[in-house]
Amino acid sequence: MEVDRTKREKRPGAALIAIVLVGFLVLSLVSAVVISIAWNTLRVEAWQTEQIEKIRLDYLARTAAKAVTDELRADPDNFGILNRNGIVSQPKVITDGTFSATVEITIKGDDQRANVVAKASSAKGGSALVRTTIDLTTTPKTVTWSAGN
């Protein structure tokens with residue numbers, strides 16, 4: 001069976017255009033999937049970095065509060081310097097590689113209780129706050145911990 005030459009010559013390259021359009025469609029779909037995967041990977045990476053920073057800030061605040069609390073419990077004369085007015089430390093900058101944080105410690109107390117508040121904050125805006133309350137009326141002195149902003 002012969003194909004009529006006039007029908008064949010009416011649309012030269014029509015098959016090529018169809019192939020190019022289908023190829024473009026497939027390429028667009030593959031590109032969209034790759035871009036979506038890359039975008040989600042970047043979002044997860046940013047979330048993980050934020051979570052790691054929160055954990056580091058929390059650990060830093062807990063460590064600072066524990067060190068001050070242990071010192072106050074070990075030397076009862078330190079409670080005398082509280083004078084009910086409290087002590088606010090100068091901010092201390094802690095740097096470890098790309099991580100940088102500022103730590104502040106506040107100590108307040110009276111004859112029955114001493115409160116230690118340690119706050120760690122980063123330049124990126126994250127922060128962690130840890131409070132300890134030392135009960136001086138019991139022997140041994142008991143410590144209550146709480147965390148939060």
Side-chain angles (χ1 to χ4, degrees), residues 10-149:
K10 280 186 178 180
R11 295 184 180 89
L16 180 60
I17 291 175
I19 291 172
V20 169
L21 289 176
V22 169
F24 181 71
L25 182 64
V26 170
L27 184 62
S28 297
L29 289 174
V30 170
S31 297
V33 169
V34 168
I35 289 171
S36 175
I37 290 171
W39 182 258
N40 287 336
T41 301
L42 290 174
R43 281 191 8 212
V44 168
E45 182 180 332
W47 179 83
Q48 285 177 337
T49 303
E50 182 181 318
Q51 295 305 313
I52 290 170
E53 182 176 306
K54 283 181 182 179
I55 291 169
R56 290 177 97 177
L57 289 172
D58 186 56
Y59 180 76
L60 188 60
R62 286 179 183 275
T63 303
K66 176 140 176 56
V68 172
T69 302
D70 288 347
E71 183 63 30
L72 287 173
R73 287 178 66 198
D75 189 4
D77 293 335
N78 288 332
F79 289 110
I81 65 171
L82 295 177
N83 295 326
R84 301 181 202 281
N85 296 330
I87 299 170
V88 179
S89 71
Q90 293 293 324
K92 175 75 174 166
V93 177
I94 309 293
T95 305
D96 180 26
T98 60
F99 177 76
S100 179
T102 304
V103 179
E104 290 182 54
I105 299 173
T106 304
I107 308 168
K108 294 180 182 177
D110 55 24
D111 296 336
Q112 296 178 354
R113 284 186 185 82
N115 296 316
V116 176
V117 178
K119 181 179 181 181
S121 56
S122 71
K124 295 179 183 177
S127 67
L129 189 70
V130 175
R131 294 179 183 90
T132 62
T133 303
I134 306 168
D135 188 356
L136 305 174
T137 60
T138 62
T139 304
K141 296 171 184 67
T142 58
V143 178
T144 306
W145 291 83
S146 64
N149 293 330

Rounded to the nearest 0.5 Å, what separation is found between the [atom1] atom of [X] and the [atom2] atom of [Y]?
X: L129; Y: E104; atom1: CG; atom2: CD; value: 10.5 Å
X: F99; Y: I94; atom1: CZ; atom2: CD1; value: 9.0 Å
X: T106; Y: R131; atom1: OG1; atom2: CZ; value: 10.5 Å
X: R113; Y: K108; atom1: CZ; atom2: NZ; value: 15.5 Å

Worksheet item: For V93 and T95, what are the C-alpha separation, side-chain angles and deciding distance, and is it a side chain to side chain contact (heavy atoms under 4.5 Å, CB included)?
Response: CA-CA 7 Å; V93 177; T95 305; 3.9 Å; yes
If I compare all heavy atoms of [X] with all of [Y], which pair ends up nearest, and what's the gap?
X: S122; Y: E53; answer: OG-OE2, 2.5 Å
X: A61; Y: A118; answer: O-CB, 3.4 Å
X: S127; Y: L57; answer: N-CD1, 3.7 Å

Discussion item. If only side-chain N and O atoms count, and only distance matters, is there a donor-acceptor pair under 3.5 Å linking T132 with T69?
Written reply: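 The criterion, which ignores hydrogens and geometry beyond distance, is satisfied for T132 and T69.
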Worksheet item: Within the side chain of S36, is there an N or O that forms a donor-acceptor pair under 3.5 Å with the backbone of A32?
Response: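 Answer holds: no.
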Worksheet item: Going through the checks in order, is the side chain to side chain contact (heavy atoms under 4.5 Å, CB included) test met by N115 and I107?
Response: CA-CA 6 Å; N115 296 316; I107 308 168; over 6 Å; no
Practice prompt. Go through I105 and V116 one step at a time and tell me if the side chain to side chain contact (heavy atoms under 4.5 Å, CB included) criterion holds.
Written response: CA-CA 7 Å; I105 299 173; V116 176; 4.1 Å; yes
Item to complete: Apply side chain to side chain contact (heavy atoms under 4.5 Å, CB included) to the pair I134 and R73, showing each step before the final yes or no.
Response: CA-CA 8 Å; I134 306 168; R73 287 178 66 198; 4.2 Å; yes
Worksheet item: Considering only heavy atoms from C-beta outward, does the side chain of R43 approach that of N40 to under 4.5 Å?
Response: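 They are in side-chain contact.
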Worksheet item: Would a 4.5 Å heavy-atom cut-off, applied to side chains only, mark R56 and D96 as touching?
Response: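 Side chain of R56 against side chain of D96, heavy atoms only: contact under 4.5 Å found.
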Discussion item. Salt bridge (charged side-chain N to carboxylate O under 4.0 Å, His left out), that's the test. Do D58 and K54 meet it? Break it down for me.
Written reply: CA-CA 6 Å; D58 186 56; K54 283 181 182 179; over 6 Å; no
